[in-house]
Amino acid sequence: MLMDGAFAAGLLVSIITIAIQALGTVVVIKMVRIAAQHLSGRRKIETLVVVMAASGTLLTVFHLVEVMVWAQLYALTGASDRIGGNVWT
């Protein structure tokens, strides 16, 4: 009924990727708090640029990890074969 466990596998991977995103968000929040406490108040614009760039980079890295988790599921279930082979090329 549920496509031979595909629904359950998709649900599990969705939960895993939500947890990855939550972890990434917590890391970024902690980084911003540390930066706010330790960086100079005289260079607010420079500090903001650095913090925003680092935040965006970290969230992008965590998103890449999520994509790799989904790609792994596609490879394990053979879904990537049905859509044309290697999903990375």
Asker: Please list every donor-acceptor pair under 3.5 Å in which a side-chain atom of residues 8-16 meets a protein atom from a residue at least two apart or in another chain.
Answerer:
unit_1, atom_1, unit_2, atom_2, d
Ser14, OG, Gly10, O, 2.9

Asker: Is the count of non-hydrogen atoms from other residues, nucleotides or ligands lying under 6.0 Å from Ile45 atom CD1 greater than 12?
Answerer: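 No - once you tally the heavy atoms of other residues, nucleotides and ligands closer than 6.0 Å, there are 12 at most.
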Asker: Distance from Phe62 atom CZ to Leu23 atom CG, nearest 0.5 Å?
Answerer: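 If we round to the nearest 0.5 Å, Phe62:CZ and Leu23:CG are 4.5 Å apart.
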Asker: Rounded to the nearest 0.5 Å, how far does CE of Met68 lie from OG1 of Thr17?
Answerer: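 Taking OG1 in Thr17 and CE in Met68, the distance rounds to 13.0 Å.
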Asker: Please list, chain by chain and in numerical order, all residues satisfying side chain to side chain contact (heavy atoms under 4.5 Å, CB included) with Thr25, sequence neighbours excluded.
Answerer: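 So Thr25 forms a side chain to side chain contact (heavy atoms under 4.5 Å, CB included) with Gln21, Ile29, Leu59.
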Asker: I need the single residue from Val51, Leu58, Thr57 that forms a side chain to side chain contact (heavy atoms under 4.5 Å, CB included) with Val28. Which is it?
Answerer: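 That would be Leu58; it is the only one of Val51, Leu58, Thr57 passing the side chain to side chain contact (heavy atoms under 4.5 Å, CB included) with Val28.
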Asker: Can you list the residues that meet the side chain to side chain contact (heavy atoms under 4.5 Å, CB included) rule with Ile18, with sequence neighbours excluded?
Answerer: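 Not a single residue meets the side chain to side chain contact (heavy atoms under 4.5 Å, CB included) criterion with Ile18.
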Asker: When clusters are formed from ILVMFWY side-chain contacts under 4.5 Å, directly or step by step, what else is grouped with Leu48?
Answerer: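 Under the 4.5 Å side-chain rule, Leu48 groups with Met52.
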